Amino acid sequence: KAGVTQTPRYLIKTRGQQVTLSCSPISGHRSVSWYQQTPGQGLQFLFEYFSETQRNKGNFPGRFSGRQFSNSRSEMNVSTLELGDSALYLCASKIGTGNTGELFFGEGSRLTVL
Amino acid sequence: QKEVEQDPGPLSVPEGAIVSLNCTYSNSAFQYFMWYRQYSRKGPELLMYTYSSGNKEDGRFTAQVDKSSKYISLFIRDSQPSDSATYLCAMRGGVGGSNYKLTFGKGTLLTVNP
């Protein structure tokens, strides 16, 4: 069974640009969450999607947005990139929403903002 | 006070040593506790998943939860060089609660020397 797949794995952008990251969850998983990982802050929750609806949101500015498609695949977008947005962006999936089920992570998309 | 505190290390031990990794937390709503292992340039992978206070064993790994002290631990017996990684504790609220997101510690970097 394939795991969580994230693309692209690495990307470099400059300040002010925007970026879109993609995530394909494990087959049968309908919940997708996004996390940002930095050396200073660790792993921080961005948002969770289930059945194409955002179910929960972390404390990030509106420049960070996401969506989920009917096949459970998800994308996140960061607009007007800042240097501080350089991070590993991790997508995770699980079968259902709410506080049940194990969360499985992809290998991440490493974003560098110059 | 941060919701989850974890000593970042680094922790360096000889092969065969017993390793103890710990996290403390302040939010009494946390009911589910997890340990993830993250190798360099990879996504976190779930190691242990516990709910109740007490011990849970899986091979060389033992997870311990003390809800009264708001303290969780991961023990690794007979540590191997392949155990060298960053270990992240994570926790979330109970079933039916509104706190869906996982809250992570910042991770402890472990190196097991041959």
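Convention: sequence-line order gives letters A, B, ...; per-chain numbering from 1. Worth saying up front: this structure is predicted, and the values here are computed from it rather than measured.
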From the list B:Arg41, B:Lys42, B:Gln38, side-chain contact (heavy atoms from CB on, under 4.5 Å) partner of A:Leu88 resolves to B:Gln38

Side chain / backbone / both / neither for A:Tyr89 at chain B, heavy atoms under 4.5 Å: neither

Please check if the number of heavy atoms outside B:Arg60 that lie under 6.0 Å from its CZ is greater than 12. yes

More than 12 heavy atoms of other residues, nucleotides or ligands under 6.0 Å from CG of A:Asn59: is that the case? no

B:Thr103 OG1 to A:Gln44 CD distance, which is reported to the nearest 0.5 Å: 10.0 Å

Determine whether a donor-acceptor pair (N or O, by modelled atom type, separation under 3.5 Å) exists between the side chain of B:Tyr36 and the backbone of A:Phe105. no

Verify the cluster assignment for B:Leu74 and B:Val4: are they in a single hydrophobic cluster under the rule of side-chain heavy atoms below 4.5 Å apart? yes

Taking side chain as C-beta onward, heavy atoms only, is B:Pro44 less than 4.5 Å from A:Leu43? yes

Side chain, backbone, both or neither of A:Gln37 within contact of chain B (heavy atoms, under 4.5 Å): side chain

Minimum heavy-atom separation for A:Glu102 and B:Leu46, please, with both atom names. OE1-CD2, 3.0 Å

Check for me, please, whether A:Leu46 and A:Phe50 land in the same ILVMFWY cluster - side-chain distances under 4.5 Å, paths through other members count. no

Could you name the residues of residues 104-114 of chain B that have a heavy atom within less than 4.5 Å of a heavy atom in chain A? B:Phe104, B:Lys106

Kindly work out whether a path of hydrophobic side-chain contacts (I/L/V/M/F/W/Y, heavy atoms less than 4.5 Å apart) joins A:Phe45 to A:Leu21. no

